[in-house]
Amino acid sequence: MSDDTSTATLSRKDFQSDQEIRWCPGCGDYSILAAVQLLLPDLGVKPENLVFVSGIGCAARFPYYMNVYGLHGIHGRAPAIATGVALARPDLDVWVIGGDGDMFSIGGNHLIHALRRNVNLTILMFNNQIYGLTKGQYSPTSEVGKVTKSSPFGSLDTPFNPISVTLGAEATFVARTHDLDRKHMVETFRRAHDHHGAAFVEVYQNCNVFNDGAFGAITNKEHRAEMLIELHDGEPIRFGADAELGVALNRFGECEIVTVADVGVDRLLVHDEHRGDPTLAFALSRLADRPTMPTPIGVFRDVARPTYEGEVQRQLVGAADRQGPGDLEALVGSGATWTVD
Amino acid sequence: MSSLPHSARVQAFQGDDPMMGLARQGPSGRVGTRGGDGGSGPTDGDEQRGRVSPKTDHLEPEALEDVVIRFAGDSGDGMQLVGDRFTDVSAAFGNDLATMPNFPAEIRAPAGTIAGVSSFQVHISDHDIVTPGDMPSVLVAMNPAALHANIAELEPGGTLLVNSDAFDERNLHKVGYQASPLEDGSLVAYRVIQVPMTSITLEAAKPLGVKPREAERSKNFFALGLLSWMYTRPIDPTVAWIEERFAKRETVLAANLAAFKAGYHFGETAELMENSYEVAPARLEPGRYRNITGNLALAYGLVAASQQSRLPLLYASYPITPASDILHELSKHKNFGVRTLQAEDEIAAIGVAIGAAFTGQLGVTATSGPGVDLKSEGMGLAISLELPLLIVDVQRGGPSTGLPTKTEQADLLLAMYGRHGEAPLPIVAARSPSHCFDAAFEAARIAIKYRTPVILLTDGYVANGAEPWLLPDVTALADISVPFASEPNHDGEFWPYLRDPETLARPWAIPGTPGLMHRIGGIEKEDGTGNVNYDPANHEHMVHVRAEKIARIARELPDVAVDDPDGASLLVLGWGSTWGAIQQGARQAREQGTNVATAHLMHLNPFPSNLGEVLARYERVLIPEMNLGQLSRLVRAEFLVDARTLSKVQGVPFRASEVEAAIEEMSR
């Protein structure tokens, strides 16, 4: 989505606002903000055509730090507000920023409906598995047994798996990345942005105050090779320091971790982002049910489907072609009329 | 022949023998007094309007000034459909009219039960009228339940037309009749006409090869045909309408047509009554008219506001009775550039509209009942963002699910105060079905000019009710457009909350505008820069500024008009849909020699500037409301006026006679 050559001279600084950033020192949000601001000059989109919409939560402060058009909305409603922005103005480049509470608790309904409608939105969900802004209650992605201020005896709630939920919500693009790998973030965000339709990215984000190290077991540099399974389209899914491990389907169609030497390369699952049926992507999303097990990152699914606002536009144009432009006088005088002299 | 006084006419009829189980007691409707030619309406235009006069040995149709007819049956009987049809034909004929549909929330309650009764009341007249009539003078009852539910409201001496086929033991039993009311003498006060509508309809459809089960469903058209004869309605438009409406279902079309004609011919030949009746066209203000419901007028008003503001309309809503028809209507008009979205919930709907407003479009959402509660959060955001937004509240009976299909005016204080924090917004109310057009346009104008959410209050009664509408000259509608910000406004910077000194509206800079990128949100912000700001003094300043912005709207509102022909000491103040009943109640009181003034509010927040002065002029103030006194509270609080409430919360509008009685009582 390139506007014209005038965007060629843009740099990271052009997307930074003059507002002081108020996230806690050491918060994972800083690196996500940096990744987005690094990416934007590359996208060829003028700052005035970018709109960042957010709800409520730490992540939702994001738009204030961006020198673009921004709307900091209400808790959970960002996908709905952003749907209005995109529907009204398909020419705009609309991003949605929120956390796990914002998008999977209070705003869960709006998220799934924006996804199924395939509104052209780039949705970044910062998952820190905790409520940060309200100072540390368990979230809809917190693990069972989580001890927090509101769950002193351990949380009883089964968490959502955001990738599974969004695949189930008919999302056309679903990906995962994490806040300790800027390069992976930038590339994942780029893919999400380039996707025409609703793109959902789960970003594992460390909350160093209320849930420090929640993803350390998989995202720390020393564990990454064994614990992060990078997905690459068209390639057998392998990981490990020497790519000695892989993912294969068992006889139930479920994904399981295998040792390549034991099963042979041919048994490995070949990743296919573009598969119309989401079954395999879903199976991959179930490989790890918490971030202490080998966890796939990258693009799970990227399929083409007409965008909602594009189809709305098509109906408008079609109606205007068929009926001609609206004539208010004819409209109010439609149906049976009579004249009193 | 129609110059006999009403009482004399009743006498004249009472001597007749009942025939086919019918007891004649007099004509239904008010007898005309405009001379003895029997058809006192304009004669030249009648043929052009397709009026069919019964050409039999019957007497000429007898002129009536007006008549109130109520069609009542099972919710599956198609009463709304034939009521609408009768209304449209009467409108095109040139009568003034007002309607009141009344239907259950259940789509199909058990057949034959009281809960399943659906009715449609229409008041047609040869003069200017403002209400659907207090009590019907003609009741069409398709079954015992419809009779049971409505008979108490039929005018004494009124005509009761029943489908006698439906009065079998089973149906009678369902509503608790021990004996058939058609036979036990309980209906002697009425002129009862029994017609075996089902069997005649089946008979009529027989040669067409329609299955009896299907043919039976056409009996509503039989009733419509019969009423069309009784009140000399033109039949050609209805025949054409049936042919168009059922074009795709050949057998249904044929059965409906056969039933309609059978009903009409039955009236003509069965000698049910000496003559048919005629309600001549009304002498309304010259111009072109159509019949319109409130929801339809409101949808048109939104399209008009979109055109006159040059802002594309984006309408997002969640289906809810009785607001859904606005969505249905607007979704048809894509060639006007109208985008509609059926949202996943009420909250999303207002969110989508806010998003659209941020980008420079006319964002509108509509709802009712509990949906309004859910939108409070979004309204608060729009107040803080200071973006134009229109929220339509088609009020219905509450609390909670309440009475989904019935009317009430109990959301005024909710509209006024139903948000956390100090969160003022303007409120506009529509007084009648056609007025919904003007009210929607005005609400949008205020929203756009002042960059504020506006609540437009209508209710189930005006939303579903219909009346003739003198078509507006759309070329004369005001230009309500505002410029978008295009340049930095403060030392080369853009400050999103730097206000217009007159209106206090903030600049509307839309995405896509170079150099004006800005961030807004629901967190308190510094006036001017719009930056997040928690400073105590700034918050206090912002609370006052937001209140002052709304208050200043009063500067440009027209004074509230007072209708006071006789120098009364009693003022009846109203708002919203009570307008018709108040007008008619006051007319009747004046006819009785009671002096009374009336005034009606379209703007509830802020009030028109002269309201306090008007109220101070009167010794007594009466406020009829379909709530427990919400405008009264506002008026008392604002003006220290000892206003008295006339309250009605039955899910049905005031009768003019109820307002009249209150006026008489307060005038003693």
Side-chain angles (χ1 to χ4, degrees), chain A residues 17 19 22 46-54 56 63-64 66-89 91-92 109-110 112-113 312 315-316 318-326 328-329 331-341, chain B residues 49 88 91-94 237 281 283-291 300 303-304 307 312 314 316 333-337 339 341 343-345 347-348 351-356 358-361 363 377-378 381 385 471-472 474-475 511-523 531-532:
Chain A
S17 79
Q19 296 297 294
R22 299 185 188 181
K46 291 180 183 171
E48 64 262 27
N49 289 334
L50 283 161
V51 180
F52 276 68
V53 180
S54 65
I56 294 294
Y64 287 121
M66 300 285 300
N67 188 23
V68 297
Y69 283 91
L71 203 164
H72 179 220
I74 24 185
H75 205 15
R77 318 304 172 207
I81 295 169
T83 295
V85 173
L87 176 58
R89 293 276 305 276
D91 59 308
L92 299 172
N109 199 32
H110 309 305
I112 60 175
H113 287 274
V312 169
Q315 286 192 343
L316 292 194
D321 285 349
R322 276 195 314 278
Q323 300 160 259
L328 185 58
E329 190 171 1
L331 179 67
V332 299
S334 57
T337 64
W338 69 98
T339 301
V340 174
D341 299 321
Chain B
R49 288 202 184 87
D88 282 352
F93 181 70
R283 296 202 172 112
L284 301 174
E285 198 182 323
R288 197 162 149 242
Y289 284 81
R290 65 171 287 170
N291 185 40
Y300 289 172
V303 174
Q307 287 218 337
L314 194 150
H333 302 302
K334 302 196 190 307
N335 62 326
F336 284 85
R339 290 175 176 81
L341 180 137
E344 59 270 22
D345 59 34
I347 297 169
V352 168
I354 289 171
F358 182 60
T359 71
Q361 299 206 347
E377 178 198 49
L381 176 65
L385 297 178
L471 297 183
V474 298
T475 61
T513 316
L516 305 191
M517 286 84 76
H518 63 280
R519 277 66 54 194
I520 56 176
I523 302 185
N531 290 334
V532 170

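Just so we're clear, the structure is a prediction, and the values are computed from it rather than from any experiment. Heavy-atom basis, side chains included; hydrogens, waters and symmetry copies ignored. Throughout, a chain's letter reflects where its sequence line sits, starting with A, and its residues are numbered from 1.
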**Q** Tell me, for A:Gln323 versus chain B, whether the close heavy atoms (under 4.5 Å) come from the side chain, the backbone, both or neither.
**A** both

**Q** Measure A:Ser334 against the heavy atoms of chain B and call it side chain, backbone, both or neither at under 4.5 Å.
**A**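 For A:Ser334, the contact with chain B is made by backbone and side chain together.
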
**Q** Would you compute the distance between atom CE of B:Met517 and atom CE of A:Met66 and round it to the nearest 0.5 angstrom?
**A** 10.5 Å

**Q** Find out whether B:His333 and B:Tyr300 are in side-chain contact, i.e. whether some heavy atom of one side chain is under 4.5 Å from a heavy atom of the other.
**A**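 Contact flag for B:His333/B:Tyr300 side chains = yes.
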
**Q** Can you name the nearest heavy-atom pair linking A:Tyr64 to B:Gly521, along with the distance?
**A** OH-CA, 3.7 Å

**Q** Sequence neighbours left out, what passes side-chain hydrogen bond (donor to acceptor under 3.5 Å, both in side chains) with A:His75? Give chain and number order.
**A** A:Asp102

**Q** Only pairs of heavy atoms separated by less than 4.5 Å count here; which of A:Ile56, A:Asn109, A:Val51 has the most with chain B?
**A**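 Among the listed options, the one with the most contacts to chain B is A:Asn109.
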
**Q** Please state whether the side chain, the backbone, both or neither of B:Gln361 comes within less than 4.5 Å of a heavy atom of chain A.
**A** side chain

**Q** Select one option (side chain, backbone, both, neither) describing which atoms of A:Arg22 are under 4.5 Å from chain B's heavy atoms.
**A**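 Side chain only.
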
**Q** Taking every non-hydrogen pair under 4.5 Å, which of B:Leu341, B:Asp88, B:Leu471, B:Asn291 racks up the most with chain A?
**A** B:Leu341

**Q** Got a donor-acceptor contact below 3.5 angstrom from the A:Thr83 side chain to the B:Val352 backbone?
**A**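 Judged by distance alone, no pair lies under 3.5 Å.
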
**Q** Heavy-atom distances under 4.5 Å only: say whether B:Ala348 touches chain A with side chain, backbone, both or neither.
**A** both

**Q** With a 4.5 Å cut-off on heavy-atom pairs, point out which of A:Asp321, A:Leu328, A:Val312, A:Val53 contacts chain B the most.
**A**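 Ranked by heavy-atom pairs under 4.5 Å with chain B, first place is A:Leu328.
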
**Q** Measuring only between side-chain heavy atoms, which start at C-beta, is A:Ile81 closer than 4.5 Å to B:Phe358?
**A** no

**Q** Which atoms of B:Ala353 come close to chain A, meaning under 4.5 Å heavy atom to heavy atom: side chain ones, backbone ones, both, or neither?
**A** neither

**Q** Do A:Val332 and B:Arg290 have side chains that approach each other closer than 4.5 Å (heavy atoms only, starting at C-beta)?
**A**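 Of all side-chain heavy-atom pairs linking B:Arg290 with A:Val332, none is under 4.5 Å.
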
**Q** Quick one: what part of A:Asp341 sits under 4.5 Å from any heavy atom of chain B, side chain, backbone, both or neither?
**A** backbone

**Q** Out of B:Ile347, B:Ile354, B:Thr475, B:Val532, return the one with the most heavy atom pairs under 4.5 angstrom to chain A.
**A**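 Heavy-atom pair counts peak at B:Ile347.
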
**Q** Could you tell me which of B:Gly522, B:Gly287, B:Ala356 has the largest number of non-hydrogen atom pairs under 4.5 Å with chain A?
**A**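 Most heavy-atom pairs within the cutoff with chain A belong to B:Gly287.
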
**Q** Looking at side-chain heavy atoms only, is the closest gap between A:Tyr69 and A:Val85 below 4.5 Å?
**A**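 No - every pair of side-chain heavy atoms lies 4.5 Å or more apart.
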
**Q** Kindly say whether A:Ala319 contributes a backbone atom to a donor-acceptor pair with the side chain of B:Asn335 at under 3.5 angstrom?
**A** no

**Q** Please look at B:Leu385 and chain A and tell me whether the side chain, the backbone, both or neither of the residue comes under 4.5 angstrom of a heavy atom of that chain.
**A**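 Contact with chain A is through the side chain of B:Leu385 alone.
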
**Q** Does any heavy atom of chain A fall under 4.5 Å from the side chain of B:Pro312, the backbone, both, or neither of them?
**A**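 Interface part for B:Pro312: neither.
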
**Q** Contact between B:Leu516 and A:Glu48 at the side-chain level, heavy atoms closer than 4.5 Å - yes or no?
**A** no

**Q** If I measure from the heavy atoms of chain A, does B:Leu314 come under 4.5 Å with its side chain, its backbone, both, or neither?
**A**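 Side chain only.
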
**Q** Looking at A:Gly76, A:Ala86, A:Gly73, A:Gly335, which has the largest count of heavy-atom pairs under 4.5 Å with chain B?
**A** A:Gly73

**Q** Can you pull the salt bridge (charged side-chain N to carboxylate O under 4.0 Å, His left out) pairs that have at least one residue in residues 69-86 of chain A, sequence neighbours excluded?
**A** A:Arg77-B:Glu377

**Q** Quick one: of B:Glu344, B:His518, B:Arg339, who has the most non-hydrogen atom pairs under 4.5 Å with chain A?
**A**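 Answer, by heavy-atom pair count under 4.5 Å with chain A: B:Glu344.
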
